[in-house]
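For reference, the structure discussed in these notes is given below.
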Amino acid sequence: MNVLKRPNPTGVTMSRFFAGGSDSDSDSSSDSEPVVRQQVAQFTFSDEEEDVKRVVRSKKEKRYEDLSNIIKSIRNHKKIKDMSSVLTSFEEFMRAYTKALPVVMKEENGVTPRIVVRALAELEDFVNESWDDKESRKNLSKNNNKALGTLRQKFRKYIKDFESDLKRFRAAPEDFAEDEDEDEREDEKGSDEEEEKVVQVQVEPKAVSFKKEPEKVKPVKPAADSDSSDWGSDSDSDSTSSDEDAKYTSIRDRFLKKPEKGTDEFSTAPSGAAADDALKKEKKKKASEALSKKKKPKQEDMFDENEEEEEGWKVVNGTRSGASEQPKMFAKDAEIDAKLVVNKLNEVMAARGKKRTDRKMQIEFLRELRTVAETNNLGPAVAAKIRFNIVSAIFDYNPKVSGAMKLEHWSKLLEEIQELLKLLLEHEDVHLSESIMDEYEEYDTTPFKIRGCMLTAVERLDDEFTKLLKECDPHSNEYVDRLKDEVPVTNIIDQVVTYVERLGNEMEICRIYLRKIDHLYYKFDPNVLKKRKGQLPANTVTSVEEMDKLCRYIYAKDQTDRLRTRAILSHIFHHALHDNWFQARDLVLMSHLQETIHHSDPATQILYNRMMANLGLCAFRHGNIKDAHLCLVDLMMTGKPKELLAQGLVPQRQHERSLEQEKIEKQRQMPFHMHINLELLECVYLVSAMLLEIPYMAAHEFDARRRMISKTFYQQLRSSERQSLVGPPESMREHVVAAAKAMRHGDWNACANFIVNKKMNVKVWDLFYEANRVREMMVKFIKEESLRTYLFTYSNVFASISVPHLADMFKLPKSKVHSLISKMIINEELMASLDDPTETIVMHRSEPSRLQALSMQLADKVTNLVDANERIFEMKQGNFFQRGGNQGYNRDRQNYRNQNQNQNWNNNRRQDNRNRGNRGNQNRGEGREQRDHHRDHHRDQREHREHQREFREQRDQMRNVEYQNKAE
């Protein structure tokens, strides 16, 4: 096989080790000869360095030079969008300008330099453009994204002192362009000087090295079409090679690209203005050549030089492999029928999922195939098959499972699915099912049979819609635009419901019903409440009735627990949303979901948490404070309701999430329009806890065994009490805590003002449907619980209290006050009696005083301490280790002792041990006997103390009766 070799254009034959060889090595040199490395000069000294004098610059020049260098570095970093470097350079700029500020005040009379103003304006435009461009921000790395946010904050804070200067720049930017033009001219001048140095290499004097100064190289005239110009000459002397080696100061310079042949002509060019004009013309010529080269394809540039030698070569496109090339369409004389089109379709879809398949090209080819089928009227079956494959190809276009598809593909997907459903609904003889095998498909005669599942495609469409919503910023107009697509999505689901119901598959009907429920259960329908009030006719179909129909079908026909569980949870949520408290509560109690929900998948557990939160809000609106607190306590006690409701991620203190775990949790998040207001949820929980906790605290003020009803509320209250200075409330929590303190003193008016005010209405209460009714309900409960707290707190102060006075004080009707006091007396919460003729409450004064209550509390604590001490003593004695397997054995011995047979049993036991000669068993028997004796002794002591305690209680009761008799 002949190998085509290309000549070496540089004319250099390199040695094996890229060092030690010269350009003039002869071909006759053998590999066995040692390679002599030419030592390269590492240090050079110039004669001019001794003559250069030190330049002393002023402070102004130093500061301005530092500023200009930093500004140039900022501009360079902006070009490549290196946000971290821009932030670092900006911080250096702030420090440098702070150092230069005294110079600016002295030299410029406090006027900001124009170069600084221009740089700040450019940086402001760059930061604003980068921040507004959300697409490019997503493509930034994590460090650059973080640096952009930090840069934006620091920059906005820093430019407040330059607002007037920036306004002048925005008004007249041309006034600030002088410095910038000078900088550009300096840059151009520097670049020209560099090019001039490259062109006129031999004119510049060389630095003196430790070696002998090499001779000047004469310009070589190019030879016309000779081999010597390509391969060099073999007759170079050793002195020439040594001169070439001495010319380079390092190995790197040896292999740098040398000036081209045309540069030798400029080495003899005249200096001055003529040389400058020649340089400018050469620069323009090079720029035009580079531009023309960019326009040519790379493959042409590779073969331009040797066109005559390589006439048989063919330039091919290297971006696409043969496997992914576009298949050819039908032949011109081919008869197009259903079989031919289906075969071509299978040929196209065979490349689906392969490594180098062009997915976009595949979609285009399928559309072209659909056009061919429609032109030749091949029937609805072929059209449906092609459209279904187009839908599958659009789904496959997005390779990321977790990421959302592009918007243009999303719109095309909606159109294709709508057209496919329209085709299936119009032609009832077309059956699309995944149970049909490929070999049993029928396209020619009715009924047409096609393999595929429309339900799976719609379920994936619904999932893609959810991903699109999660990708958008929920506070932008883009989210609203994407949310408008829910209307066509729900219409598609309704059409699929009609299609699946026609097929009659119960399992598929349950699946599509659940998809419809997922789009319906969280939406509030005001027609439900209007129909309940009689404002709408009785035959009006509301969302509650539709939900009831869908869920009942799933309850009856579903074969899997997951669909039934999600249907029940959605049904409860919808009932609670429309204030059907009793129906929602009964469904929760009958389903027993709270016992089995921990075994469900995370999505179902999130739905359960959402249902419990909404059920708690429903109970609060109905005035069931205890039920509302019970529904919300499990969510709020954890301190992370945001995560439990899948409404965001909270940073963890103990350990950070891994990237995979964070990715999974983000996929579980709910779209923003389905969120439950967390501040509303917390406020309802705290208000419910306040209405329960404050009366309980007042009733059990001196009770040592008092338990907290709400730990979260108790912590908020205690943290507020520990503060030395408490100002007026600002946040929602502070309002609830201030209201609780007012309720403890029986001041219902202040409590109601803290809970119901303008600020709280805007934050919380206006979010309720019929907010005025909820506010009135809360004020009524605040009055009632404040009355109970007042009676618990001050009952030992009064001998009797007038019922009309209490009714006037708490703005309650007398019947309500009478009812509350009667309940307290019946439940033995208040030791008093009602005198109906005088409408007064007579206190019995049977409650212990503060000293008595503290004494009883101390006695209980001492008793608990003694019991704990005895348990510890028993564990040290060894009784703790006899529990478990020997409990039955000890119980038998206890029965023997109760029957006065303990002595005989032990004697017989010891006799047996003596006969066997087992002294170890005898010692263990004696140890057990001693422990039994100690245990009996401690049991007798406990019984004695219990008798003493009962005696003291009887004595205290007798004293209380005597005291009451004396008082009467």
Measure from the side-chain N and O atoms of Q362 to the backbone N and O of A393, and report whether any donor-acceptor pair falls under 3.5 Å.
no

Does the side chain of T604 come under 3.5 Å of the side chain of D601 through a donor N or O and an acceptor N or O?
yes

When you measure from the side chain of N346 to the backbone of V342, do you find a donor-acceptor pair of N or O atoms at a distance under 3.5 Å?
yes

When rounded to the nearest 0.5 Å, the distance separating OG of S130 from CG of N144 is 10.5 Å

Residue pair Q594 / V588: nearest heavy atoms and the distance that separates them:
OE1-O, 3.6 Å

So for atom NZ, which belongs to K523, do other residues, nucleotides or ligands contribute more than 12 heavy atoms lying within a distance under 6.0 Å?
yes

So, N398 side chain and G403 main chain: donor-acceptor pair closer than 3.5 Å or not?
yes

NZ/K138: more than 12 non-hydrogen atoms of other groups inside 6.0 Å
yes

Does H409 have its ring centroid less than 6.0 Å away from the ring centroid of Y397?
yes

For the residue pair L421 and V496, establish whether any side-chain heavy-atom pair is separated by less than 4.5 Å.
yes

Ignoring hydrogens and geometry, is there a side-chain-to-backbone donor-acceptor pair from D579 to R621 under 3.5 Å?
no

Taking atom types as modelled and ignoring hydrogens, do the side chains of E501 and Y513 form a donor-acceptor contact shorter than 3.5 angstrom?
yes

Would you please indicate if the ring centroids of Y522 and F573 are separated by under 6.0 Å?
no

Would you please test H574 and D525 for side chain to side chain donor-acceptor pair (under 3.5 Å) and show each step?
CA-CA 10 Å; H574 201 68; D525 186 8; over 6 Å; no

When you measure from the side chain of Q605 to the backbone of S600, do you find a donor-acceptor pair of N or O atoms at a distance under 3.5 Å?
yes

Heavy-atom pair with the smallest gap, counting every atom of L645 and A613:
CD2-CB, 4.3 Å

What are the two closest heavy atoms between A619 and W581, and how far apart are they?
CB-CZ3, 3.6 Å

Got a donor-acceptor contact below 3.5 angstrom from the N491 side chain to the V487 backbone?
yes

Minimum heavy-atom distance between R137 and W131, given as atom pair plus value
NH1-O, 2.7 Å

Where do P488 and L414 come nearest, in terms of heavy atoms and distance?
CG-CD1, 4.4 Å

Find out whether L644 and I606 are in side-chain contact, i.e. whether some heavy atom of one side chain is under 4.5 Å from a heavy atom of the other.
no

Considering only heavy atoms from C-beta outward, does the side chain of R610 approach that of L569 to under 4.5 Å?
no

Starting from the C-alpha separation in whole Å, work towards a yes-or-no answer on side chain to side chain contact (heavy atoms under 4.5 Å, CB included) for D494 and T498.
CA-CA 6 Å; D494 290 336; T498 306; 5.7 Å; no

Using the rule given for side chain to side chain contact (heavy atoms under 4.5 Å, CB included), can you reason through L366 versus M349, listing the C-alpha separation, both sets of side-chain angles and the distance that settles it, and then say yes or no?
CA-CA 9 Å; L366 288 173; M349 296 307 294; 3.9 Å; yes

Quick check for you: to the nearest 0.5 Å, what is the distance between E415 atom CD and L413 atom CG?
9.5 Å

Considering only heavy atoms from C-beta outward, does the side chain of Q667 approach that of K467 to under 4.5 Å?
no

Please examine the side chains of F713 and V736, heavy atoms only from C-beta on, and report whether any two atoms are closer than 4.5 Å.
yes

Under a plain distance cut-off of 3.5 Å, with no hydrogens placed, do H622 and D627 share a side-chain donor-acceptor pair?
no

Does K549 reach the main-chain N or O of E545 with its side chain, forming a donor-acceptor pair under 3.5 Å?
no

Test item: side-chain donor near acceptor, S84 and N143, under 3.5 Å:
no

For V650, does its backbone N or O pair with a side-chain atom of E643 as donor and acceptor, under 3.5 Å?
yes

Over 12 foreign heavy atoms within 6.0 Å of NZ, K763:
yes

Verify the distance criterion only: is there a donor paired with an acceptor across the side chains of Y685 and S710 at less than 3.5 Å?
yes

Looking at R733, I'd like to know if its CZ atom is crowded, meaning that more than 12 non-hydrogen atoms belonging to other residues, nucleotides or ligands lie closer than 6.0 Å.
no

Quick one: does C683's side chain get under 4.5 Å of L680's, heavy atoms only?
no

Might you confirm whether atom NZ of K78 has over 12 heavy atoms from other residues, nucleotides or ligands at distances under 6.0 Å?
yes

Which heavy atom of A457 sits nearest a heavy atom of F395, and at what distance?
O-CZ, 3.7 Å

Heavy atoms, side chains only, cut-off 4.5 Å: are F620 and S688 in contact?
yes

State whether the number of non-hydrogen atoms from other residues, nucleotides or ligands found under 6.0 Å of R552 atom CZ is greater than 12.
no

Tell me, with the steps shown, if K385 and E441 meet side chain to side chain contact (heavy atoms under 4.5 Å, CB included).
CA-CA 10 Å; K385 180 70 174 179; E441 289 183 337; 3.1 Å; yes

State whether the side chain of D548 and the backbone N or O of V544 hold a donor-acceptor pair below 3.5 Å, judged by distance alone.
no

Considering only heavy atoms from C-beta outward, does the side chain of L483 approach that of L469 to under 4.5 Å?
yes

Is it true that a side-chain atom of Q647 and a backbone atom of K642 form a donor plus acceptor pair closer than 3.5 Å?
no

Greater than 12 external heavy atoms within 6.0 Å of Q559's CD:
no

Using a distance-only test with no angle check, is there a side-chain donor-acceptor pair under 3.5 angstrom linking D473 and S476?
no

How are the rings of F672 and Y479 set relative to one another: parallel (under 30°), tilted (30 to 60°) or perpendicular (over 60°)?
perpendicular

